[in-house]
Amino acid sequence: MPELPEVEVVRAGLAPAVTGALVIGVTVLDERALTRHAGGGADFESRLTGRVVSAAARRGKFLWLPLRSETDGAPSDEAVIGHLGMSGQMLLRAPGAASERHERVRIDLAHPAHGELSVVFADQRTFGSLAIDDLIATPDAAPGGYGWDEASVPAQVAHIARDPLDPAFSDAGFRRALARKDSAIKRVLLDQTVVSGVGNIYADESLWAARIHPETSARALPTRAVNRLLGEVRHVLEKALAEGGTSFDAQYVNVNGQAGYFAHSLNAYGRTGEPCPRCGRPIVRVSFTNRSSHFCAHCQRVPRPAVDGPGTAHV
DNA sequence: GGAATAACCTGGATGC
DNA sequence: TGCATCCAGGTTATTC
């Protein structure tokens, strides 16, 4: 389940290998990997071949490789965007390497320093996708994402909020967004237009660390609790990033096919029935909007229902 | 307009 | 052993 740390590990692995490389060939093996691309496989192949990759960038869970032409040196106005979905992988392989299981797209590159190599997009569940998209200006004039200094972002990524590790992320804007949301805090954490990069695993871990019940109303959270939560989100993401991300099986790996080990550091997610590391009571799992929430019912108390009536304070 | 829900998809785990 | 069913979850279109 690639979330921000897993995607950042992939981006960091791709960057030195692809920056400055010329695309010398593209093979689309499964067009389901191009659900975000306006044209078909042939269009994807022809538009990408002959371009030069300027960088490897990321915002939240979206990756993109800005493209420029081989000769004119003009600024990048398009990019290959990629989302790993549930099970997507970006693998670096030697030229002519055997096909990967669930391989969907292969991009062959010639790098001026490293020679030829291939970027293989493999995806078991086909929720991930690639596309070529226009770069548009960021409304705040800040760099579009991590690994990209230009104030531009792919059009399909423009609606995605900045992630909490982005220097241009606005804490005040996050607090204002929560104050407007009449939804459970966990649902808001998973809303990529409010804060990006957080998925089910890190939402559960951050809420556990901040001692906030996942069904607490976002707008009912006091400012102090919001600040505590934001701090824990950042702490959890940074720690997971330092440990190479979370891998439960072979579905999340870095560009070399290696797993991360943050799964050993999880306190709540996937630990149903195990003792809470804080109080020793069992972690519980409940269904939550088509997925699961894991939390400690003792440390993360159920929010008291709002009561309308005389004497009730409203904010 | 905001919030909630369903659908997309594959393979491993589980039950019979 | 083989088959059917359930489950995992990020994004987005649809519905309320």
Side-chain angles (χ1 to χ4, degrees), chain A residues 1-8 10-11 29-38 58-64 81-90 100-105 121-131 133 153-161 163 176-207 214-220 233 237 240 245-253 259 262-263 266 268-273 283-295 306:
Chain A
M1 287 62 86
E3 302 179 31
L4 185 153
E6 292 77 33
V7 179
E8 175 55 26
V10 171
R11 187 208 66 78
L29 301 165
D30 188 337
E31 296 215 6
R32 289 179 300 175
L34 300 179
T35 52
R36 295 175 186 276
H37 185 67
R58 177 192 59 76
R59 177 182 288 199
K61 304 170 193 171
F62 279 87
L63 289 165
W64 70 91
I81 63 171
H83 195 291
L84 302 179
M86 286 292 300
S87 53
Q89 301 172 343
M90 294 278 195
E100 297 291 328
R101 197 177 183 200
H102 308 302
E103 181 170 330
R104 311 296 182 190
V105 177
F121 178 66
D123 188 11
Q124 177 199 99
R125 297 181 193 172
T126 67
F127 278 23
S129 63
L130 303 179
D133 196 16
V153 66
Q156 293 187 42
V157 184
H159 70 292
I160 299 296
D163 64 64
R176 285 194 298 272
L178 261 58
R180 290 193 301 267
K181 289 289 184 181
D182 186 22
S183 287
I185 183 60
K186 177 165 177 182
R187 186 187 295 275
V188 178
L189 281 181
L190 296 176
D191 183 345
Q192 304 297 299
T193 67
V194 175
V195 56
S196 67
V198 180
N200 205 40
I201 297 172
Y202 299 121
D204 280 357
E205 288 301 303
S206 301
L207 289 167
E215 293 182 23
T216 306
S217 167
R219 69 180 180 188
V233 169
L237 293 176
T246 303
S247 300
F248 295 110
D249 49 32
Q251 286 184 0
Y252 163 68
V253 292
F262 187 68
L266 295 174
Y269 183 88
R271 303 219 174 276
T272 308
I283 296 291
V284 297
R285 169 186 170 275
V286 299
S287 293
F288 182 85
T289 66
N290 277 347
R291 58 203 67 193
S292 298
S293 275
H294 307 78
F295 60 95

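Lettering of chains follows the sequences in order, A, B, ..., and the numbering in each one begins at 1.
- Scored by the side chain to side chain contact (heavy atoms under 4.5 Å, CB included) test, A/Ala33 finds A/Arg104, A/Val105, A/Phe121 as partners (sequence neighbours excluded).
- Taking atom CD on A/Glu3 and atom C1' on C/dG10, their separation rounds to 9 Å, with Å as the unit.
- The terminal axes of the helix from B/dG2-C/dC16 to B/dC16-C/dG2, fitted over 5 pairs per end, subtend an angle of 50° to the nearest 10°.
- The salt bridge (charged side-chain N to carboxylate O under 4.0 Å, His left out) analysis of residues 190-201 of chain A, with sequence neighbours excluded, yields the pairs A/Lys181-A/Asp191.
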Nucleotides 3-5 of chain C: which of its N/O atoms have a protein N/O under 3.5 Å away?
none

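- Partners of A/Glu103 under the salt bridge (Lys or Arg N to Asp or Glu O under 4.0 Å) rule, at least two apart in sequence or in another chain, are A/Arg106.
- Side-chain N/O atoms of A/His83 include one lying less than 4.0 angstrom from OP1 or OP2 on C/dT11.
- The side chain to side chain donor-acceptor pair (under 3.5 Å) check on A/Ser129 picks up A/Arg36, with sequence neighbours excluded.
- The side chain of A/Met86 lies closest to C/dG9 when the candidates are C/dA8, C/dG9, C/dG10.
- Contact annotation: A/Gln192 side-chain N/O to C/dT11 OP1/OP2 distance is under 4.0 Å.
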Nucleic acid footprint by protein, nucleotides 3-9 of chain B - heavy-atom cut-off 4.0 Å, B for base, S for sugar-phosphate alone: SSBB-BB
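- As judged by a 4.0 angstrom heavy-atom cut-off over every strand, A/Ser292 is placed among residues touching the sugar-phosphate backbone only.
- Evaluation of the side chain to side chain donor-acceptor pair (under 3.5 Å) rule for A/Arg187 yields no partner, not counting sequence neighbours.
- Not counting sequence neighbours, the partners of A/His37 by the side chain to side chain contact (heavy atoms under 4.5 Å, CB included) test are A/Leu34, A/Asp43, A/Phe44, A/Arg47, A/Ala131, A/Ile132.
- For A/Asp163, the salt bridge (Lys or Arg N to Asp or Glu O under 4.0 Å) test picks out A/Arg58, with sequence neighbours left out.
- With sequence neighbours excluded, the residues that form a ring-ring contact (aromatic ring centres under 6.0 Å, His included) with A/Phe62 are A/His83.
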Contact list (N/O, under 3.5 angstrom) for nucleotides 12-16 of chain C vs protein:
| residue | atom | partner | partner atom | Å |
| --- | --- | --- | --- | --- |
| C/dT12 | OP1 | A/Arg36 | NH1 | 2.8 |
| C/dT12 | OP2 | A/His159 | NE2 | 3.4 |

